[in-house]
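Worksheet: one structure, shown below.
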Amino acid sequence: MKVSSGADSLVNLFLLLYAIERASRRGYLTGRVKLQKLLFEAEKRMTKSGWVGLNYVFYRWKHGPWSPEAQWGLEWLVRNGLVTEAEALIEATADGRRVLDDARELVESNKEMMKLIESVSDAHALDTGRTMEDAVYGTPSPTTGQLIDKIKPGETVLEPLEKSKASKLFRMDDSWVQTLEILLDKSSRESLQQAMTDAQQGRIKPYKPLA
Amino acid sequence: MPSKAGLNPTSLLRRWLALALQYRPYATERFSKSMSQLDRLVQQTVDKAVAEIATDPYASDLLRIPLKGKRDYRIGDYRVIFAICEECRRENWVEFNKCSKCKKHGRNDFILFDVGHRGRIYQEIARLQKIKLG
């Protein structure tokens, strides 16, 4: 199975969190099928514009285009306290919204991609997963041109563009990569928070090198 | 002209300067706890990294808000998060780092906040890659 690597994985997680927050703000993000279709639609439009932001590979699956990495991403965000998934309603938590708020600068420097995600989320705010699933079957695969309905299960429906062919890439420098590695990981986030509390309360001692 | 020990006055001066300019590490309780939870081999690598940071703490990446004021030094799959006291004061990052004993630290001090693994996300994704669809 094809998956993203390195900083692309962080971009995927960050954009996934953004898409969830946006979709649950304007309407109801009712279930994984709807989330997958929103991501598919957003990445399809990005690919059409020659952009590389979302880096998911979508396969034809039981409910149309499906990205196992996006499914893992949702589970990661839930496990790390940034998203909740209760009774099929997916929402960003207060911590998740805080991460997005803190990363305003990153959102700002990738404004066009974020706007694209927003417009997809807004356009489908009141759609159900089923409605979106039905609509997507009649469209051609951006990768093969074949109708999605006719593609065999397990075959690729959409792949991100090669970066060398893209007219626009998601901009994120090394400082942001390292910041997101911490913010998107609950144990790192909490451990650093504890360290900051130690500093505030004066629990700092000279470092003793190993003997 | 090099001496018998292979050192000339210039290299001696360099070594003296390097020692004089050496930054002094301080550690939060959390750092010490995180360090104690690492394998001995990783601890040694981190210890070496702390010595490298003490020589040139600026050879690291600055983190962004909300972690502003802190730096990240990578050693393989691990990271050391720290702040340089002189930089913190110069750039007015005191409000981000909030060390209560700020004034007790000299300009050559740096605070080790935490150490930990940086690749949990990447490891899980790599595992995903091995799954076969069908």
Side-chain angles (χ1 to χ4, degrees), chain A residues 1-6 8-10 12-13 59 61 66 68-69 71-73 75-76 80 98-99 101-106 153-155 173-189 191-210, chain B residues 24-35 40 43-44 46-48 50-51 54 61-68 70-72 74 79 81 83 96-102 104-105 109-122 124-134:
Chain A
M1 185 195 307
K2 291 181 191 168
V3 291
S4 63
S5 62
D8 291 345
S9 319
L10 293 175
N12 276 345
L13 278 177
Y59 299 92
W61 210 239
W66 195 269
E69 186 182 339
Q71 180 169 319
W72 168 84
E75 286 160 8
W76 172 273
N80 284 274
R98 197 172 306 123
V99 166
D101 195 41
D102 287 332
R104 276 193 305 270
E105 193 189 309
L106 195 57
E155 285 189 3
D173 63 17
D174 258 10
S175 287
W176 269 115
V177 169
Q178 289 169 59
T179 304
L180 284 185
E181 278 176 3
I182 299 165
L183 295 183
L184 295 173
D185 183 335
K186 191 178 182 185
S187 63
S188 302
R189 219 165 55 225
S191 187
L192 186 55
Q193 192 55 51
Q194 182 57 53
M196 289 165 74
T197 307
D198 285 347
Q200 276 176 32
Q201 296 178 357
R203 292 193 289 268
I204 295 177
K205 287 179 182 166
Y207 171 76
K208 286 182 191 155
L210 293 178
Chain B
R24 287 177 306 183
Y26 286 78
T28 61
E29 251 180 41
R30 179 70 246 181
F31 181 92
S32 309
K33 197 173 174 190
S34 297
M35 182 81 161
R40 183 69 186 170
Q43 283 181 357
Q44 287 169 346
V46 173
D47 192 52
K48 207 175 145 197
V50 172
D61 288 307
L62 276 168
L63 293 172
R64 304 293 184 128
I65 285 178
L67 311 177
K68 195 169 179 169
K70 283 171 268 301
R71 287 179 165 270
D72 185 306
R74 292 187 200 180
R79 71 159 70 86
I81 299 167
F96 293 106
N97 289 327
K98 294 178 182 162
C99 297
S100 61
K101 292 180 179 171
C102 177
K104 288 187 179 173
H105 288 284
D109 293 353
F110 66 96
I111 313 292
L112 296 161
F113 277 86
D114 202 6
V115 57
H117 201 279
R118 51 174 285 267
R120 285 208 311 137
I121 292 172
Y122 309 129
E124 285 201 18
I125 289 191
R127 276 203 287 273
L128 212 59
Q129 197 165 15
K130 291 174 189 162
I131 298 171
K132 283 188 181 171
L133 286 178

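Labels below follow one simple rule: chain letters A, B, ... track the order of the sequence lines, proteins then strands, and each chain is numbered from 1.
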> Under a 4.5 Å heavy-atom cutoff, which of B:K101, B:K130, B:H105, B:K68 has the most pairs with chain A?
Replying inline: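 Among the listed options, the one with the most contacts to chain A is B:K101.
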>> If we define contacts as heavy-atom pairs under 4.5 Å, which of B:G116, B:C99, B:P25 has the most with chain A?
In response: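 Top option by heavy-atom pairs under 4.5 Å: B:P25.
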>> Quick one, A:L10 with A:W176, criterion side chain to side chain contact (heavy atoms under 4.5 Å, CB included). Give me CA distance, side-chain angles, the key distance, then yes/no.
In response: CA-CA 10 Å; A:L10 293 175; A:W176 269 115; over 6 Å; no
Quick one: of [options], who has the most non-hydrogen atom pairs under 4.5 Å with chain B?
options                      : result
A:R203, A:Q178, A:Q200       : A:Q178
A:I182, A:D174, A:L13, A:N80 : A:I182
A:D173, A:L183, A:V3         : A:V3
A:P209, A:S191, A:S9         : A:S191

Residue part contacting chain B, namely of [X], when any heavy atom lies under 4.5 Å:
X      : value
A:D101 : neither
A:P153 : neither
A:L106 : neither
A:E105 : side chain
A:T197 : neither

Indicate yes or no for a side-chain donor-acceptor contact from [X] to the backbone of [Y] under 3.5 Å, with no hydrogens or angles considered.
X      : Y      : value
A:W76  : A:L184 : yes
B:D47  : A:L210 : yes
A:D198 : B:R30  : yes
A:E69  : B:I125 : no
A:S175 : B:R64  : no
B:S100 : A:G202 : yes

> What heavy-atom pair brings B:V46 and B:F31 nearest, and what distance separates the two atoms?
Replying inline: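 It is CG1-CZ, 4.2 Å.
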>> Show the nearest heavy-atom pair for residues A:A199 and B:F113, with the distance to one decimal.
In response: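 Scanning both residues completely, I find the closest heavy atoms to be CB-CE2, 3.8 Å.
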What part of [X] is in contact with chain A, defined as an atom under 4.5 angstrom from a non-hydrogen atom: side chain, backbone, both or neither?
X      : value
B:I65  : both
B:L112 : side chain
B:R79  : side chain
B:R74  : side chain
B:Y122 : side chain
B:I121 : both
B:N97  : backbone

> Of B:D114, B:I111, B:L63, which is the lone residue that meets side chain to side chain contact (heavy atoms under 4.5 Å, CB included) with B:K70?
Replying inline: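 It is B:L63; the other options fail the test.
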> Quick one: which of B:R120, B:R118, B:H117 gives a side-chain hydrogen bond (donor to acceptor under 3.5 Å, both in side chains) with A:E181?
Replying inline: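 Looking at B:R120, B:R118, B:H117, the match for A:E181 under the side-chain hydrogen bond (donor to acceptor under 3.5 Å, both in side chains) is B:R118.
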